[in-house]
Amino acid sequence: MKGNSSSAKPLTDHDHYKAPSEPSIKKVPPKRKKRRRSQAFQEAVTGYFFLAPALILLGVFLLYPMGAAFYYSFTDFYILKPDDISFIGFENFSYIWQDAQFRQAFWNTVYFSVIVVPVQLAVALGLALLINKKLKFRVFFRTAFFSPVVMSLVVVSILWTFMYNPNEGLINQLLGLIGISPQPFLTSPDQAMNSIIVMSVWQGAGFQMMIFLAGLQNIPNHLYEAADIDGASNWQKFLHVTLPGLKNIALFIFITISIAAFKLLVQPMIMTQGGPLGSTKSLVYHIYETGFNYRDVGYASAMAVVFTLIVLTITIIQRVLIREERG
Amino acid sequence: MKKLSLLLAGVLVVLMLAACSSDSNANSEGESGSSGENTTSDTVETGSVETSVEATGDEEVMLDFWIHQTGEDETNAYIELIDAFNKEHEDIHVNAEVIIDDGASAYSDSINAALVAGNLPDVMAVDGPYVSSFAEAGVIQPIDEYIDEETKSQYVDSIIQQGTYNDQLYSLGAMEASVMLYYNKDLLDEAGIEPADSIEEAWTWDELMENSKKMTTEDRYGLNLFMNYGVGEWLTFMGAPLAWSNGGALISEDGTTVDGYLNSPETIEALNYVKELFAEGVVTDSPGEMQFEEGNAALALGGPWIAVSAEDAGLNWGMMPYPYKDEKVSPSGSMAYAVTNNTENPEAAVELMKWMTNEEATIKISKATGMPPAQKSAFETMEKFNELPWSVMKEQVIQTAHARPSTPAYPVLTDAFAQSFHAAALGEDVESVVEQQVQRVERELKRFEE
């Protein structure tokens with residue numbers, strides 16, 4: 001402290017000594033502020049500079065198209081006549097309610113989602129539990145279950161189309177070995193969507209399995225040990241330790257699968273072209289066909305707007321439900 | 001590390017194998033178009049293929065030219081023709097761009113994108129029935145003033161018919177297409193059935209039904225309709241003549257309505273005939289890709305490319321004319337060329353079109369693809385068309401070919417018919433399905449009302 005006071009003196013001396021130039025000293029704080037401001041400005045510039053790639057991409061490929069789709073949904077934009085667009089109000093939207101194909105595509109999509117979401121969730125969890133055990137060839141199984149995720153969905157769809165072939169397909173040949181008569185699969189209006197569901201679950205479950213696996217490994221071991229001491233059975237451990245421990249991850253997966261399921265497009269496009277009799281036409285596929293095959297961009301945009309609203313609603317409902325459960 | 005790299009290598013192999021099989025699938029789908037794809041392989045480079053003649057700088061006119069790619073031989077034939085054109089015409093230089101036609105929408109997607117961006121080439125290949133929608137939208141322009149009657153009369157009638165919209169000529173094609181009733185000679189002999197060797201002897205619907213039934217056994221179908229091509233243009237191309245032959249139609253003569261045409265009793269009767277074929281079990285809705293070539297179907301209503309694949313498979317085959325009810329008609333129409341409104345040199349563009357579709361060109365392309373030529377004289381020059389079985393195809397192209405309807409609503413109309421045909425094949429109630437489709441097309445037609 002003494003040192004401090006002694007050093008303070010020369011400072012004040014120094015100040016007095018510099019008294020004539022006091023005004024310039026007073027000017028220092030504003031200068032600092034300016035410096036801070038310009039520094040903040042610079043930082044902001046740097047920040048936006050780093051953000052720019054993301055913002056530009058988002059703007060060009062997401063925000064602008066969304067805005068354009070919203071605008072076109074009120075017009076009669078026909079792809080062959082890009083210079084002749086006129087405003088037609090809500091005509092496109094009112095036709096949605098009369099469009100039998102839209103209704104069919106909507107219910108197809110709902111059916112697909114309602115089945116795929118829980119089944120895929122269960123399969124992914126099952127696979128994760130299996131792989132979490134210290135089995136022989138664990139790495140092999142993990143790779144095997146995960147490999148469909150790495151493959152392009154288009155490739156997978158084409159392969160499964162071969163396997164589903166009613167005459168020469170692998171699956172019917174296997175069924176024949178156990179005495180089941182050949183099934184029409186993709187060529188039957190009753191079986192086509194279910195065939196696509198099976199393939200989609202197989203293709204998608206590997207990814208969710210990995211996320212579940214991470215979740216499983218995050219559950220502290222001492223909880224299981226405690227359960228063991230309490231004499232809990234394996235089933236009780238699963239029910240009261242594993243499941244609660246996975247809850248947040250399951251919710252995350254639930255939402256992502258739901259949204260992905262609603263965007264069903266590639267499988268019907270490659271495997272069935274939406275047939276037979278429109279039984280596998282999904283909403284997104286119907287929108288695509290309307291816009292590109294039938295060139296009716298205006299109506300396709302209107303359906304896209306409605307589709308976005310539907311997905312948005314589902315997401316909000318899920319969020320609310322989840323919040324309630326957490327609360 | 002070793003394990004990881006082994007794993008990666010394994011994944012790569014799987015992906016490559018998968019990629020190969022996807023290619024072969026794309027090929028088979030390519031055949032489903034009416035546009036007469038003779039898919040041999042996909043090995044031609046996919047990007048833009050510049051023709052080998054370099055621009056020398058003193059040429060006045062540059063033409064951009066889009067051709068669709070379906071097979072290597074076909075593309076090579078085009079490139080040779082374009083090279084020759086560039087050599088012959090010192091004042092015109094053609095840049096050709098080959099665009100993949102996967103039988104689905106790849107080619108039309110390219111056109112749509114270029115259209116919206118205003119980047120269309122000077123000349124482009126378009127599928128015959130789509131000419132009218134491009135014409136109606138003013139995307140392509142009439143060429144009557146650049147072509148004289150004599151040149152026009154050298155083409156088979158159906159090519160002029162498919163290229164005409166509102167009494168103006170818009171497109172010229174090098175090849176025609178057709179659907180023949182192919183037969184397996186051995187199986188016909190076995191059943192003691194006489195094939196029809198000319199249009200006069202063509203089978204009626206009843207004969208087709210009866211003979212198909214006769215030749216259907218437990219491990220073999222009587223008839224193949226190539227339903228494996230999917231629900232698309234093929235069903236309209238192959239199936240619409242059934243309606244026409246019965247006095248039905250897809251759309252009114254003036255193109256303003258389908259009500260009373262697509263759902264006319266005659267069209268519905270034709271679709272019910274299809275339904276009966278499937279109900280009798282003489283034909284399947286999911287044939288293997290080579291069902292006919294492998295002898296698992298006695299008859300097949302297939303495109304000219306089936307002659308090529310049957311020959312390659314070593315089958316003892318023949319062709320008959322398309323079966324009829326009242327009037328003898330047959331499928332027609334293929335890829336053709338049209339001049340876009342984007343061009344500054346319509347005259348040079350038409351010159352190129354004529355070059356690509358003259359007798360020499362049609363013969364060359366016919367040899368490369370197996371498709372019938374679009375010039376009448378080419379049929380005389382090519383000897384194979386003057387003897388069986390190819391003489392039947394020639395007769396059919398010249399005498400009974402019937403172009404698909406010329407309407408700007410064609411994309412929706414063809415899907416409406418294909419869906420109805422497929423519903424009939426699956427045994428659905430034809431009338432109610434057709435009625436639904438009529439509503440759809442009527443809505444689309446409103447767009448083009450004045």
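In what follows, chains carry the letters A, B, and so on, assigned in the order in which the sequence lines appear, proteins first and then strands, with residues in each chain numbered from 1.
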Fill in: Residues B:E444 and A:R295 bridged, charged N to O under 4.0 Å
no
Discussion item. Closer than 4.0 angstrom, basic N to acidic O: yes or no for B:R447 and A:D296?
Written reply: yes
Response to the item:
Taking every heavy atom of B:L115 against every heavy atom of A:P82, the minimum-distance pair comes out as O-CG, 4.0 Å
Verify the neighbour count for atom [atom1] of [X]: are there more than 12 heavy atoms of other residues, nucleotides or ligands below 6.0 Å?
X: A:Y95; atom1: OH; result: yes
X: B:E431; atom1: CD; result: no
X: A:E91; atom1: CD; result: no
X: B:Y165; atom1: OH; result: yes

Worksheet item: Can you say whether B:V116 sits under 4.5 Å from chain A via the side chain, the backbone, both, or neither, judging by heavy atoms?
Response: both
Item to complete: Heavy-atom distances under 4.5 Å only: say whether B:Y410 touches chain A with side chain, backbone, both or neither.
Response: neither
Response to the item:
The reported gap from CZ in A:F185 to OG in B:S286 (rounded to nearest 0.5 angstrom) is 11.5 Å
Worksheet item: How far does CZ of B:R443 sit from OH of A:Y294, to the nearest 0.5 angstrom?
Response: 13.0 Å
Worksheet item: In terms of heavy-atom pairs under 4.5 Å with chain A, which of B:P411, B:A425, B:G138 leads?
Response: B:P411
Worksheet, complete the sentence: Scored by heavy-atom pairs under 4.5 Å with chain A, the best of B:Q439, B:Q291, B:Q436, B:H422 is B:H422
Worksheet item: Less than 4.5 Å apart, any side-chain heavy atom of A:N293 and any of B:D415?
Response: no
Worksheet item: Taking C-beta and beyond as the side chain, do A:L80 and B:S133 meet within less than 4.5 Å on heavy atoms?
Response: yes
So which part of [X] gets closer than 4.5 Å to some heavy atom of chain B, the side chain, the backbone, both or neither?
X: A:P184; value: neither
X: A:P166; value: side chain
X: A:E289; value: neither

Discussion item. Set out, in order, the CA-CA distance, both residues' side-chain angles and the distance that settles side-chain contact (heavy atoms from CB on, under 4.5 Å) for A:K81 and B:E136, then state yes or no.
Written reply: CA-CA 10 Å; A:K81 298 176 183 171; B:E136 194 273 343; 3.0 Å; yes
